[in-house]
Amino acid sequence: MPELPEKPTLEGLEKKWSAAWEADGTYRFDRTASRDEVFSIDTPPPTVSGSLHMGSVFGYVQTDANARFRRMQGRQVFYPMGWDDNGLPTERRVQNYYGVRCDPSVPFDPGFEPPAQPGKDALPISRRNFVELCHRLTAEDEKVFEQLWRSVGLSVDWDLTYATIDERSQRASQRAFLRNLARGEAYASEAPTLWDVDFQTAVAQAELEDRDQTAAYHRVRFHRPDGGEILIETTRPELIPSCVALVAHPDDERFRPLFGTTVRTPLFGVEVPVLPHRLAEPDKGSGIAMICTFGDTTDVVWWRELKLPTRTIVQRNGRFQTARPEWLPSGPWDDLAGSTVKQAQRRIVELLGESGELVDEPRPITHPVKFYERGDRPLEIVTSRQWYIRNGASDPELRSSLLGAGTDLAWHPDFMRVRYEHWVEGLNTDWLISRQRFFGVPIPIGYPLGPGGEILHDQPIVPDEASLPVDPSSHVPPGYTEAQRNQPGGFTGDADVMDTWATSSLTPQIACAWEDDPDLFARTFPMDLRPQGPEIIRTWLFSTVLRSRFEHGSLPWTDTTINGWILDPDRKKMSKSKGNVVTPMPLLDEHGPDAVRYWACRGGPGTDTAIDFGVMKVGRRLAIKLLNASKFVLGLGGAGADSAAAVTEPLDLAVLAALAEVAEEATSALDGYDYTRALDRVESFFWRFCDDYVELVKGRAYGEGPPAASARAALGIALSNLQRLFAPFVPFATEEVWSWWQEGSIHRQPWPDGTELRAAGGAGQPALLAVAADALGEIRKAKTEAKRSLRTDVVRATITDTPERLAALRAAESDLREAGRLAELVLLEGEGLGIDVELAPPE
RNA sequence: GGGCGCUUAGCUCAGAUGGUCAGAGCACCUGCCUUACAAGCAGGCGGUCGGGGGUUCGAGUCCCUCAGCGCCCACCA
């Protein structure tokens with residue numbers, strides 16, 4: 001047994017024990033364990049191209065506390081760590097970091113090295129070089145994250161890591177997609193889709209966000225054949241050239257006579273019909289709207305349901321097409337050709353003013369506009385061919401089955417379930433998974449080319465599962481040769497990659513090695529726990545439930561814990577743009593990992609929590625107290641060696657019985673993922689233990705004979721239990737104090753559920769400890785109020801209390817005398833606690 | 001427009017199924033060098049539990065309503 005330190009300190013514990021845990025394989029998963037012995041966690045793969053901030057620490061530490069509890073309960077914890085490195089965030093980071101951009105038309109350069117400093121203009125490089133840079137940079141980013149996780153003491157098994165772009169993930173992702181395709185759960189379709197003109201890719205419903213934008217209502221004249229006019233209001237006058245109809249509510253008396261007639265558009269004089277539709281709202285604008293292809297998603301609904309023609313003028317790069325559209329034989333096209341949407345709007349407004357078709361000044365408004373969550377310009381709607389996975393948006397049976405899955409899943413906290421339900425109920429399109437990007441898992445499909453070089457989309461060439469993962473840009477389908485690529489009569493590969501969620505939705509399958517390692521899979525899947533943030537219930541959680549339902553007909557996990565938001569010290573949400581992001585490393589250096597973990601664990605499940613340095617200080621103080629209290633108890637000698645059988649004194653039995661209650665409550669709280677409650681109960685008991693119980697029995701414990709042995713034994717048992725009860729929360733300090741007197745890591749010890757304490761102190765009366773502590777408190781109070789030292793001798797203390805409480809006090813009388821330095825103690829029966837203390841005169 | 005959550009001492013938060021539930025820590029004040037801990041110990045000050053109504057013998061604790069804050073969703077002419 002190592003010597004007790006003269007002056008215990010937290011310094012150096014993180015380094016010392018991180019290294020020991022790594023060397024000893026403390027958190028290594030035992031893959032011979034059977035499924036019911038395993039506790040498997042579907043850890044969120046952090047986006048490594050994102051920045052490190054306290055939000056990264058908060059939820060992961062809470063999960064780690066739960067993981068450590070399960071491990072001590074005897075479960076084999078399957079706790080892998082993934083890195084989410086595929087997709088647009090990585091592309092963008094690589095572009096900025098190296099000053100490059102991907103241009104698929106540039107040939108591969110095997111000796112390419114990025115410039116030391118990013119240049120002013122982005123350097124165009126080949127797709128393959130670009131992807132290589134993505135891999136290079138994410139590898140660096142992943143190291144930084146791993147270092148952070150080790151610093152805060154995550155008990156992850158570092159042999160079980162994966163990346164969402166690695167070969168195993170790609171294989172799982174493509175295999176799942178091909179099976180979705182074979183079962184009809186995935187399909188391709190040519191349709192209007194929301195489109196980011198900067199990234200030039202389609203985006204999915206789950207990736208949208210509304211942003212308030214300033215705009216203006218423009219009152220514009222449409223012309224009736226009889227010379228009359230109809231005024232419509234629009235925020236997008238530049239789309240007049242793509243107008244295909246006007247629409248009003250069927251019951252709107254103002255426009256009813258016009259249904260079935262036609263009007264001519266301003267500037268261009270195109271004849272369009274006036275039609276009724278229930279979605280037109282009489283009190284919006286002028287009550288009659290123009291339908292364009294496409295200004296917003298309502299246009300798409302109208303276009304589809306009213307079977308209108310498509311008159312697209314905005315191209316995928318966000319600019320008007322250059323050639324004059326054939327449906328605009330007249331009108332000022334040359335002024336608009338090739339301009340951006342913004343430029344075109346300005347010009348059209350000028351032209352409308354000149355022609356007298358603009359009524360009044362434009363009226364400024366602020367309204368919500370759909371953006372890609374990572375994008376900078378409003379989304380446009382373009383028609384393109386995309387891949388979809390069914391999600392229940394247009395399939396009531398699937399939808400209700402998914403709602404049922406949400407009910408079967410145990411949510412912590414439970415109210416988070418409604419976010420899932422609202423999302424499922426509000427889905428309006430299937431899940432668009434294809435992206436016109438570069439760094440992602442390719443859609444593993446090829447197509448034959450017709451004699452004219454046209455792509456035969458209806459005859460997709462599907463690779464064999466054994467050949468996965470494949471990259472269609474280099475993969476040659478059986479029966480073809482590379483020379484036939486992109487040649488008439490030959491073949492071509494699907495150029496798209498999958499959305500990052502299309503892969504992330506398979507993290508249980510990836511982590512558990514679905515199909516790659518059926519033995520491991522059987523021992524770990526379906527998993528036990530999915531911890532994650534609330535903002536990705538609609539994406540990650542939902543899509544994971546969906547994929548598992550399709551592939552396995554089961555939930556991916558039985559439980560999910562949803563953490564709260566991190567707010568900055570002023571209770572504002574942290575975000576890069578506000579510049580109030582708090583980075584974890586300096587805080588870890590200043591307060592220590594246990595203190596930061598304590599702060600994180602004080603944030604309840606699903607509860608938004610502000611960064612609070614005061615709470616971290618409290619955590620640090622707790623860890624130090626744990627060192628000092630342990631040192632004291634162990635310094636009495638015999639604590640470890642005295643057997644439980646020696647606990648005989650009523651006060652000693654009482655403390656063990658009281659702690660048993662705490663242990664039982666902590667256990668049931670943690671069983672329900674309520675780590676905060678467990679920590680709270682253990683912590684408050686611990687301080688009472690130090691301040692009252694230890695003070696009461698200290699004198700006796702120094703002595704000899706059975707009463708002294710009883711105190712030392714009780715102190716030892718209580719200490720062992722307390723150390724273990726704290727282990728999930730402050731793993732470094734608890735491991736340190738455990739090592740002073742025990743063999744093996746504390747994190748592999750049996751969880752103290754109260755059984756051992758009941759056995760040792762079952763006859764104890766917890767109330768006894770409380771009564772004695774109250775009396776000691778009164779004596780201290782008398783001394784403090786007299787401004788005397790607590791060492792002051794008491795000539796006589798007279799305590800009045802109820803008979804029951806006096807009986808309890810008598811059982812602890814000698815401890816109370818010694819702790820209070822009472823020469824004489826008089827006990828009188830009365831109504832309640834009263835005390836009269838006569839202090840020894842000052843010297 | 002709809003939904004969810006929050007609103008308890010100056011600050012951060014506990015208060016499971018309504019009856020010692022008005023608490024803890026921080027901060028502040030007053031003391032104490034007490035041989036585990038002065039990064040400590042003892043004590044004190046401090047709140048009509050967001051507003052209003054209701055149910056009940058009794059409500060931070062249940063119901064209704066209003067307000068503020070945060071988040072999520074919504075077809076944004």
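Proteins come first, then strands; the chains are lettered A, B, ... in the order of their sequence lines, and each starts at number 1.
When the nearest nucleotides of RNA chain B are assigned to A:I365 and A:K631 by heavy-atom distance, the more 5′-ward of the two goes with A:K631.
Using a 4.0 Å cut-off, some side-chain N or O of A:Y702 falls inside it from OP1 or OP2 of B:rA36. A close approach under 4.0 Å does not occur between any side-chain nitrogen or oxygen of A:K783 and OP1 or OP2 of B:rG31. Applying the 4.0 Å criterion to OP1 and OP2 of B:rU30, one finds that A:K787 has every side-chain N and O outside that range. Close to B:rC32, at under 4.0 Å from its OP1 or OP2, lies no side-chain N or O of A:K781.
The side-chain hydrogen bond (donor to acceptor under 3.5 Å, both in side chains) with A:Q723 is formed by just one residue from the set A:W740, A:W741, A:W738; it is A:W741.
One finds the CD1 atom of A:I537 at 12.5 Å from the CZ atom of A:F542 (value rounded to the nearest 0.5 Å).
Within 4.0 Å (heavy atoms only), A:E281 reaches at least one base atom of the nucleic acid.
Across B:rA36, B:rC26, B:rU30, the shortest atom-to-atom separation from the side chain of A:R621 is found for B:rC26.
The nucleotide B:rA74 finds no pairing partner, because no Watson-Crick or G-U wobble arrangement with both distances shorter than 3.5 Å includes it.
Here A:R780 does not pair with A:E695 in a salt bridge; the nearest charged N to carboxylate O distance is not below 4.0 Å.
The distance between atom CG of A:L626 and atom P of B:rG40, rounded to the nearest whole Å, is 15 Å. Rounding to whole angstrom units, CG of residue A:D210 and P of B:rG1 are separated by 15 Å.
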